There are 2 protein chains.
Amino acid sequence: MEETLQTSSTHNLSPHSVLIAHCPSRQVLDLIADKWTALIFALLERQPTRFNELQRAIEGISHKMLTQTLRNLEQRGIVERKITPTIPPAVEYSLSSLGASLIPLMAALRQWAEEHMEEVELARQAYEEK
Amino acid sequence: MEETLQTSSTHNLSPHSVLIAHCPSRQVLDLIADKWTALIFALLERQPTRFNELQRAIEGISHKMLTQTLRNLEQRGIVERKITPTIPPAVEYSLSSLGASLIPLMAALRQWAEEHMEEVELARQAYEEK
DNA sequence: CAGTATCCTACTGGATACTG
DNA sequence: CAGTATCCAGTAGGATACTG
């Protein structure tokens with residue numbers, strides 16, 4: 001379902017509003033082009049996942065950063081949080097439909113990184129020898 | 001001393017996975033899922049661009065961060081730097097073929113951000129009223 | 001114009017402790 | 001288990017000045 005969005009009439013020659021510092025799209029970009037977002041997606045795109053399971057799966061993320069990133073994503077309607085009031089409580093994070101529309105993109109980011117890591121590493125080494 | 005982990009093989013994830021902290025792909029992901037990379041691509045995907053033109057076009061980026069990000073991308077073989085030794089010197093940045101393979105991905109990131117900024121903004125406001 | 005270096009502040013983000 | 005709050009150390013990153 002695409003938005004019948006009246007395209008930004010503000011800049012004819014500059015359709016990249018994301019280049020404008022104060023444009024809301026810049027904040028959205030900062031959210032999705034984030035250090036941890038693509039990794040969280042790697043888990044959530046498969047199935048709803050609990051907090052501690054996320055932290056265990058994503059090596060190197062701290063409790064604080066996971067909380068913070070999840071909260072940001074939830075706040076922006078990309079991630080949903082469901083509490084089951086058992087004791088102790090079980091909280092599951094999942095992707096909203098908005099979030100689901102990002103799955104291919106986030107997967108492509110991870111995939112590119114994994115597929116080109118050798119190439120990039122070789123370039124880095126070659127650069128050093130200059 | 002550190003984990004010689006076999007443990008995470010419980011997931012059916014690739015051993016060379018961005019989920020592994022020390023995996024080179026993680027660094028690659030950090031490079032491309034970066035605050036400024038997608039914006040630099042917005043310019044370079046069109047044509048080779050000079051340093052100052054980049055800084056003028058990308059609102060909010062500082063001299064230092066632009067230098068740093070360009071150097072990182074160059075170092076990893078994604079961006080190329082061509083010096084024309086005129087006076088004053090003219091330096092043009094462009095995408096390598098490796099970098100060019102990222103164009104669709106970076107464009108998709110920007111596009112998603114721009115297309116969903118209202119939706120995200122509405123979610124953010126709705127969240128606050130709770 | 002392009003790049004490097006320095007200084008210095010502000011914030012990121014980790015470790016820890018505590019609540020429900 | 002999930003979440004919040006606090007402290008604080010390290011560093012990201014802006015402003016500035018200087019070279020070629």
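Since the structure is predicted, the reported quantities are computational estimates derived from the model, not experimental observations.
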Exercise for the section: Check whether any side-chain heavy atom of A:His63 sits under 4.5 Å from a side-chain heavy atom of A:Phe51, and report yes or no. Expected result: yes

Problem - Which residues share a side chain to side chain donor-acceptor pair (under 3.5 Å) with B:Gln47, sequence neighbours left out - result: none

Fill in the blank from the handout: Ordered by number, residues from residues 76-91 of chain A within less than 4.0 Å of DNA chain D (heavy atoms) are A:Arg81, A:Pro88, A:Pro89, A:Val91

Fill in the blank from the handout: Separation of D:dG13 atom C1' from B:Gln68 atom CD, nearest Å, is 8 Å

Handout entry: A:Glu119/A:Arg124 salt bridge by N-O under 4.0 Å criterion
Key = no

Problem - 4.5 Å side-chain heavy-atom contact, A:Trp36 and A:Leu66 - result: no

Problem - Spacing of CZ belonging to A:Arg56 relative to CG belonging to B:Leu19, to within rounding of 0.5 Å - result: 13.5 Å

Exercise for the section: Would you check if B:Trp112 and A:Leu29 make a side-chain contact, meaning some heavy-atom pair closer than 4.5 Å? Expected result: no

Exercise for the section: Could you pick out which residue, B:Glu92 or A:Lys35, lies toward the 5' side of DNA chain C when each is mapped onto its nearest nucleotide? Expected result: B:Glu92

Fill in the blank from the handout: The salt bridge (Lys or Arg N to Asp or Glu O under 4.0 Å) partners of B:Arg50 (sequence neighbours excluded) come to none

Exercise for the section: Answer yes or no: is there a side-chain heavy-atom contact under 4.5 Å between B:Glu59 and A:Arg26? Expected result: yes

Fill in the blank from the handout: Here the gap from B:Thr37 atom OG1 to B:Leu73 atom CG, rounded to the nearest 0.5 Å, amounts to 4.5 Å

Practice task
Would you check if A:Glu74 and A:Ile78 make a side-chain contact, meaning some heavy-atom pair closer than 4.5 Å?
Solution key: no

Completion exercise
For DNA chain C, consecutive-pair runs of 3 or more (Watson-Crick or G-U wobble, both H-bond-type distances under 3.5 Å) give C:1-20 with D:1-20

Practice task
For DNA chain D, find the residues of residues 58-66 of chain B with a heavy-atom distance under 4.0 Å and give them by number; none if there aren't any.
Solution key: B:Ser62, B:Lys64, B:Met65

Exercise for the section: Anything under 4.0 Å to a heavy atom of chain A counts; send over the first and last such nucleotide of DNA chain C, read 5' to 3'. Expected result: C:dG13 to C:dG20

